[in-house]
Amino acid sequence: MSDKNKSVQKTSSSRRKFLVRGGLGSIGLLALGSCVFINPLRRSALGLSESLVLPYSGKGTDANLWFEFTEENTLIFHSPKVEMGQGTFTGFAQIIADELDLDMNSIIVQAAATDTGILDRFTTGGSLSIAQLYNPLREMAAMMRQMIVNEASKKLGMAVDQLRTREGFIDHPNGSLSYAEALANVTEWKLPKNVALKPSTALKHIGKPIPRIDLHDKIVGAPIFGLDAEMENMLHATIIRPEHIGSSIKSIDFSEAGQMPGVVRVVEGKGWLGIVAESFSQALAARSKVNIEWDIPKVWTEEDLRAYLKVGEGKQMITQKVGAALEDDDEFVSLSFSSPIGAHAQMEPNGAVAEVKDGKATVILSTQSIGATQHSVAKALGFKTKDVNVIGKYLGGGFGRRLDTSHAAEVALIAREIGRPVKFSFTRKEEFQNDMFRPPTHHIVKGRLNEQGGIANLEHHYASGDVAINSLLMPPAMSKMLGTDVGAMRGANIMYGNIANRRAVQWHKTLPFATSFWRSLGLLANTFAIESFIDELAWNNQIDPIALRLKSLGDDETQTRISKVIKLAAEKSNYTNELIGNRAMGFAASIDVGAPCAQVAELSLTNGIVRVEKVTCVFDCGLAVNPDQVKAQCEGSIIMGISAAMHEKMGLKDGRLFPINYGSYDMALMRHSPKEIDVHLIQGLDRPLPVGEPPLGPIGAAIGNALRRLTGTRFTDLPMKLK
Amino acid sequence: MKISFSINGKSQVLELDGNTPLLWAIRDVLDLKGTKFGCGKAACGACTIHVDGKAVRSCSFPVKMADGKEITTIEGLSKDGDLHPVQQAWKDEIVPQCGYCQPGFIMATAAMLNEIPNPTDEDIDQNIINICRCGTYYRMRKAIHKAAKLQNLQK
């Protein structure tokens, strides 16, 4: 692909651009759980937000560029979404290949820059790219195909019904012509109405495990990432920011740093200091010579944090209320759970290359929010938005971290000050200290059985820092209207519809450091608490935990889909409550954004070392555009979940976020990953669901439930480690 | 200082501070972008290259230590335009997700297979200690076993 991309760039001046105007469809998914509020507007908004499946919201009524054909008969799709690893671009190419009748190899997918295409103002995230764009993209591709046929009909003087499209060519009774030939010299487009989509039986690419289109680039080390970008004559910058929570610069002395080899200029910003040098290592070397006195109003400790964030503190909001609440003098079981601060730790550090020249700015970077980055850069420079072009590259991991790329504005300010292009990158220490962390959580789960051995009451009380609140995806007015943090709420409500009395209560507080979206948001910790509790209830009453779950489910469509994944996971894993030698199994299930998932973790205990040997995963992902990549998302989620559940923990040290590098931030490595991950997909709906996050739900509890059987101990705090 | 080495079979003479990490000489001076910056402290392995056939984390390897050595980066791993067996196995197993860490893993694996042509799972656990945040370890393990087979077939 890299060679192809290069050749396209060379011929860019002769490229023909086709403007396609389209009405974009939208999808809606069933929201799980019921939300009880007085205000019906808020209820419906919260229902939508709980699933966080928002309709695709690109500027669909404007004339914008989606498809671009080159003279080589190659199609470039200017994607409104970026690629951060989930195989989204491949899914898009499959959809286009089917509806536009193109060979996969003649499709190039690249992220739309702000001046080349439509951007989705809801950014790239929430695992929504394929789910949101499946229908709009099929419609647009089908429309494009029809327009090509119409143009060919005009050129050939033949009726449309004499023409057949085939992998980039139009066959007619006397031969064939390429799409590019058909489209040559077309300047005005007439949009056909009522274009039919192909029947599912005619689809050759959608639903097939086709290899990723970025596979070759990614195994040969092609320069496709944000940090690989360069501009001619550029300099390198590093930026010093406060390290202590809530601190600011009191006084600064950079006289020595300014004299260091290669240093071109030191730029003072609002609350930060940029050092610009000929090379990045020179900038870093100079940085160590800067003397700063910090103003640190409070040295935060982990004890402070635990006291600050807990159930019963902060803003209370009932997010689920069915039946009666447990009263204090009722008899019930109660368990407390917690999860720590989590770092994104994506492999590619944040950075950007920027140039400001003649009243215009260009910024190249890896971001989940191309549009928001354009706005923040324009605002910082005092430019009109249209005078800033943001070019998005492949992301070396996102996981929510790159929703905020506000550093781009600082790089642009430095570039303007210097009058030359500037490239900037966070160091790894800065990544760890300036992350928009997964907030720590605290949970109290209460419940009791009824006389029939089913669950009579189940309550989940959960405390969290900001996830969606105060983020760029959630304007303050919307946060206020919803009254709750819909991100912290993911997976917080009880999914079992047959439990007569169930409720979920959120306790929200904004922490003194930035917390935000981390892959699957609240799902990981919330499911850990609820599904560990159900397992404990079953264990203590000698009830089969799977039977208890199935009994707790109702019989509507969604409840039935949850039942199905639970039953199939039990079957495929040969689930047992008994120990098998030095091994034990743990079971858990969840539903997130309408996609149910059940997992069985099989753990071994040898000489005091616990290992996850095997994970069985059954996932109802709806229509799988690329089943192999859906499975890859399950595998990746499981391993990231093992890492979060058994290894990772950010803490505080001397008032700073700590640790500050890989290694000391303990993460799952090859040796901690299961040798066997057995994924089974159920396609329980005829539309694609988000797949990048739901499989992160059950894994923590599945591990905890296996540990209960293996060690006799109930683990209630993440990360779970043997003493 | 003046430093000369061979990189991907080509001789290079560089004039730069000898303490500059080799990573930056490779990325920014020689413009070979396949070797990645991940942590700067030899903790993640994204910058893994070969120096005289051994895996080295180039972010923490001063360029002066490369003087007179033979360096191979991901760009020079395959010969004659074919994919190296490790790359081929990676392709067959569809390993990469975001892809950023993959060149480092591929280089680490290629170096391991030179020492241990038929690695056991335990060999893999002990020798492949790079970090992948997308969690592609499961497919990587399969790809490593496959690469060993492909490489042994070539011999």
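The chains referred to below are lettered A, B, ... by the order of the sequence lines, with proteins before strands, and numbering in each begins at 1.
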Heaviest contributor of heavy-atom pairs below 4.5 Å to chain B, chosen from His236(A), Glu83(A), Gln86(A), is His236(A)
Run the salt-bridge test on Glu348(A) and Lys36(B) with the 4.0 Å N-O cut-off and return the result as yes or no. no
For Leu395(A), which atoms come within 4.5 Å of any heavy atom of chain B: side chain, backbone, both, or neither? backbone
Closest non-hydrogen contact found for Ile639(A) with Gly135(B) is CD1-O, 3.3 Å
Interatomic distance, CH2@Trp24(B) vs CG@Leu284(A), rounded to 0.5 Å, equals 7.5 Å
Only pairs of heavy atoms separated by less than 4.5 Å count here; which of Met140(B), Arg27(B), Gln102(B) has the most with chain A? Arg27(B)
Measuring heavy-atom distances to chain A, does Pro21(B) have an atom under 4.5 Å in its side chain, in its backbone, in both, or in neither? side chain
Check each atom of Lys91(B) against the heavy atoms of chain A and say whether the ones under 4.5 Å are side chain, backbone, both or neither. both
Thinking salt bridges, do Arg671(A) and Glu122(B) make one under a 4.0 Å N-O criterion? no
Within-4.5 Å side-chain heavy-atom neighbours: Cys134(B) and Phe399(A): yes
Is it true that the side chains of Gln97(B) and Gln629(A) contain a donor and an acceptor less than 3.5 Å apart? no
Distance col, row Leu227(A):CG vs Phe37(B):CZ, nearest 0.5 angstrom, shows 8.0 Å
Chain A shares the most heavy-atom pairs under 4.5 Å, among Ala46(B), Gly38(B), Gly40(B), with Gly38(B)
Could you check whether atom CD of Glu232(A) has more than 12 heavy atoms from other residues, nucleotides or ligands sitting under 6.0 Å from it? no
Portion of Pro211(A) that has a non-hydrogen atom of chain B nearer than 4.5 angstrom: both
Are more than 12 heavy atoms, taken from residues, nucleotides or ligands other than Glu278(A), located less than 6.0 Å from that residue's CD atom? yes
So which residue, Val86(B), Asp28(B), Thr20(B), ends up with the most heavy-atom pairs under 4.5 Å with chain A? Asp28(B)
By a 4.5 Å heavy-atom criterion (distance strictly below it), what part of Leu83(B) contacts chain A: side chain, backbone, both, or neither? side chain
Taking it one step at a time, do Val220(A) and Glu75(B) satisfy side-chain contact (heavy atoms from CB on, under 4.5 Å)? CA-CA 6 Å; Val220(A) 301; Glu75(B) 290 89 349; over 6 Å; no
Tell me if a side-chain donor or acceptor on Arg133(B) pairs with a main-chain N or O of His344(A) at a distance below 3.5 Å. yes
Structural part of Asn130(B) lying under 4.5 Å from a heavy atom of chain A: backbone
Closest heavy-atom contact between Tyr100(B) and Met347(A)? CE2-O, 3.4 Å
Structural part of Ser279(A) lying under 4.5 Å from a heavy atom of chain B: neither
Would you call Glu230(A) and Asp31(B) a side-chain contact if the rule is heavy atoms closer than 4.5 Å? yes
With a 4.5 Å cut-off on heavy-atom pairs, point out which of Arg519(A), Glu431(A), Glu648(A), His672(A) contacts chain B the most. Glu648(A)
I'd like to know which of Asp125(B), Ile129(B), Ile124(B) tops the heavy-atom pair count under 4.5 Å against chain A. Asp125(B)
Whatever's closer than 4.5 Å to a heavy atom in chain B on Phe225(A) counts as side chain
Within the distance-only criterion (no hydrogens, no angle test), does the side chain of Arg141(B) pair as donor or acceptor with the backbone N or O of Met670(A) below 3.5 angstrom? yes
How close do Ile106(B) and Ile219(A) get, heavy atom to heavy atom, and via which atoms? CD1-O, 3.7 Å
Measure Asp228(A) against the heavy atoms of chain B and call it side chain, backbone, both or neither at under 4.5 Å. both
Side chain Tyr138(B), main chain Glu676(A), donor-acceptor under 3.5 Å: no
Restricting to non-hydrogen atoms, name the atom on Cys44(B) and the atom on Tyr662(A) that form the minimum distance, rounded to 0.1 Å. CB-CD1, 3.5 Å
Heavy-atom closest pair, residues Arg212(A) and Ile94(B): CG-CG2, 3.9 Å
Would the distance check show the side chain of Lys218(A) and the main-chain N or O of Cys98(B) forming a donor-acceptor pair, the cut-off being under 3.5 Å? yes
In terms of heavy-atom contacts, Asp121(B) and Lys675(A) come closest through OD2-CD, 3.2 Å
Under 4.5 Å heavy-atom distance to chain B, tell me which part of Ser664(A) shows up: side chain, backbone, both or neither. neither
Ranking Gly663(A), Ser281(A), Ala632(A), Gly397(A) by heavy-atom pairs under 4.5 Å to chain B gives rank one to Ala632(A)
